[in-house]
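We use all heavy atoms of the structure for the numbers below, so side chains are in, but hydrogens, waters and symmetry mates are not. Order of the sequence lines fixes the chain letters, A, B, ..., with proteins taken first and strands second; residue numbering starts at 1 for each chain.
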Protein chains: 2
Amino acid sequence: MDQTDDLRIDHAPLTLRALAVDRLRSAIIAGRFQGGDRLVERTLCDQLGVSRSVVREAIRYLEAEGLVETAPRAGPIVARLDWDQARQVYAIRRLLEADAAAACARVASPAVKADVASALAGIEAAFATPDNRDLYAATTAFYRVIFTSAGHHIAWEIVQRLNGRISRLRALTLGTTDRKLSGPAHMARIAAAIGANDPEAAATAVRAHLDEAAEIARLLLEGQG
Amino acid sequence: MDQTDDLRIDHAPLTLRALAVDRLRSAIIAGRFQGGDRLVERTLCDQLGVSRSVVREAIRYLEAEGLVETAPRAGPIVARLDWDQARQVYAIRRLLEADAAAACARVASPAVKADVASALAGIEAAFATPDNRDLYAATTAFYRVIFTSAGHHIAWEIVQRLNGRISRLRALTLGTTDRKLSGPAHMARIAAAIGANDPEAAATAVRAHLDEAAEIARLLLEGQG
DNA sequence: GGGAAAATCTTGGTATACCATCATACGACA
DNA sequence: TGTCGTATGATGGTATACCAAGATTTTCCC
């Protein structure tokens, strides 16, 4: 925090493209577009107020992210999600998040523990609000602390991308189990394990949390067909 | 395999964009572009013989893949790779590949075992050729069998993407250790564990292989600075 | 009412133009 | 001579127009 930082003009490098990607991703994650919905370029141009170039490049980006699928000649659609995919996503998250939590617990300094505690408090605060998005954001922030403090930046990228794919599902599971029952308790166990520098306990707590979330997701998805 | 399949003309949905992405990705993986090299749009238009739109969309795709970085105002460059990133990549591969090998060993049918054995033979054959690319391709095919037969399609996507990031590194490690010493032996151990339906042994063999590859990579990268 | 032909929509692709920014080079002035 | 300012070119970001081909919808005729 020296003065050079303060003087630096943080000229936002916001390209229209980056904004469009964010808007579209948010819209998909928020469920504004359903899986299978067509993303008609010129319609999006109107809705976003930008040109086709911008929309097309944004779609390419989301395509590589796995949020959008481009059928051979039919144009882009919002990626569909079935239980088999969701199962794989939860399995991968289980590996990566357990590993990150263990690594975080292994190296956690007092400062990191304070960040984790603060993020946990954020979850508990969001738990009291009626809006699921607050809980969603708070949970994301909690895991971000864990991943980044463990130095697992690439794994965090991957997890975020995976969460994008199952975002609607995640919003649903957050709205049921996590909110009502064991979610905050699991988070507290994770935070406690990190506070105690107990990697094995942290990993176990993460696995328990994800196994439960996956089970809820399975019930939701298989119920819908 | 009914006749409709045989009659179907598999009209490749090859868009120019897809071709451009493949070309660029291959060029980067093959080392034709070094990390940090600028990707000047109009130059690529000439080299690929396509218009700027196609080039730009291809770059967006590769950007989301992590092979290309777009600096705020400097335009796209080939992503750089340092040991910290490579370390993370090997750690993630270790988790995903060990899990996939274990899952594959758990469920492997005689047909899967035959595929694995065949892929192993491919590695040993490529081992005898002077071109590293053959070994690269054969190794990729080996792991593809493992991942897809375990149903870990999303994990395979992730691993492929990660491998893209460390591709030059991977080519180097394949060219040293894997070729000369333990590489094929490790692969044989993995295949044997799958053949014996022994998940734990398969996972252990994968971890041993990757730990060695990561160590070679570390020496290479830290040596270069 | 069903099916074929036509109209329309949409995407993939190209070319072009315009602007802002950045770097470079060149020239003028102290 | 050295420094500053400006002209210029390269480049990325954005917008627009256009065309071909495939997909979809509509229409119209039997």
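- Distance CZ (A/Arg38) to P (C/dT11): 6 Å, rounded to an integer number of Å.
- No donor-acceptor pair closer than 3.5 Å links the side chain of A/Glu63 to the backbone N or O of A/Glu69.
- Under the 30°/60° scheme for interplanar angles, the aromatic rings of A/Phe147 and A/His152 are found to stand perpendicular.
- B/Arg87 has no carboxylate O lying under 4.0 Å from a charged side-chain N of B/Glu215, or vice versa, which leaves the two without a salt bridge.
- Two residues, B/Arg42 and B/Val50, neighbour DNA chain C, and the one matched to the more 5' nucleotide by heavy-atom proximity is B/Val50.
- Checked against C/dG12, D/dG12, C/dT10, the side chain of A/Thr70 finds its nearest nucleotide in C/dG12.
- The CG atom of A/Asp46 sits 14 Å away from the C1' atom of C/dT10 (whole-angstrom rounding).
- The overall bend of the helix from C/dG1-D/dC30 to C/dA30-D/dT1, read as the angle between its terminal helix axes built from five base pairs each, is 10° when rounded to 10 degrees.
- No side-chain heavy atom of A/Ile146 sits under 4.5 Å from any side-chain heavy atom of A/Glu97.
- With a 4.5 Å cut-off on side-chain heavy atoms, A/Arg165 and A/Gln88 do not count as touching.
- Summarising the geometry, the separation between CD on B/Glu41 and P on C/dT14 is reported as 15 Å, rounded to the nearest angstrom.
- When rounded to the nearest whole Å, the span between CD of A/Glu69 and C1' of C/dT11 equals 17 Å.
- Atom CG in B/Leu39 sits roughly 12 Å away from atom P in D/dG13 (whole-Å rounding).
- In this entry the distance linking OH of B/Tyr61 with P of C/dG12 reads 13 Å, nearest Å.
- Taking a 4.0 Å limit (strictly below) on heavy-atom distances, residues 51-60 of chain B reaches DNA chain C at B/Ser51, B/Arg52, B/Ser53, B/Val54.
- Looking at the side chain of B/Val40, the nearest of the listed nucleotides D/dT14, C/dT11, D/dG12 is D/dG12.
- Across C/dT14, D/dG13, C/dT10, the shortest atom-to-atom separation from the side chain of B/Leu16 is found for C/dT14.
- Looking at A/Glu65 and A/Arg25, a side-chain N of the basic residue comes within less than 4.0 Å of a carboxylate O on the acidic one, giving a salt bridge.
- A/Arg60 and A/Glu57 are not joined by a salt bridge, as no carboxylate oxygen comes within less than 4.0 angstrom of a charged side-chain nitrogen.
- Taking the side-chain contact (heavy atoms from CB on, under 4.5 Å) definition, one finds that B/Ser51 meets it with B/Ser53, B/Val54, sequence neighbours left out.
- Without hydrogens or angle criteria, A/Ser118 side chain to A/Ala114 main chain gives no donor-acceptor distance under 3.5 Å.
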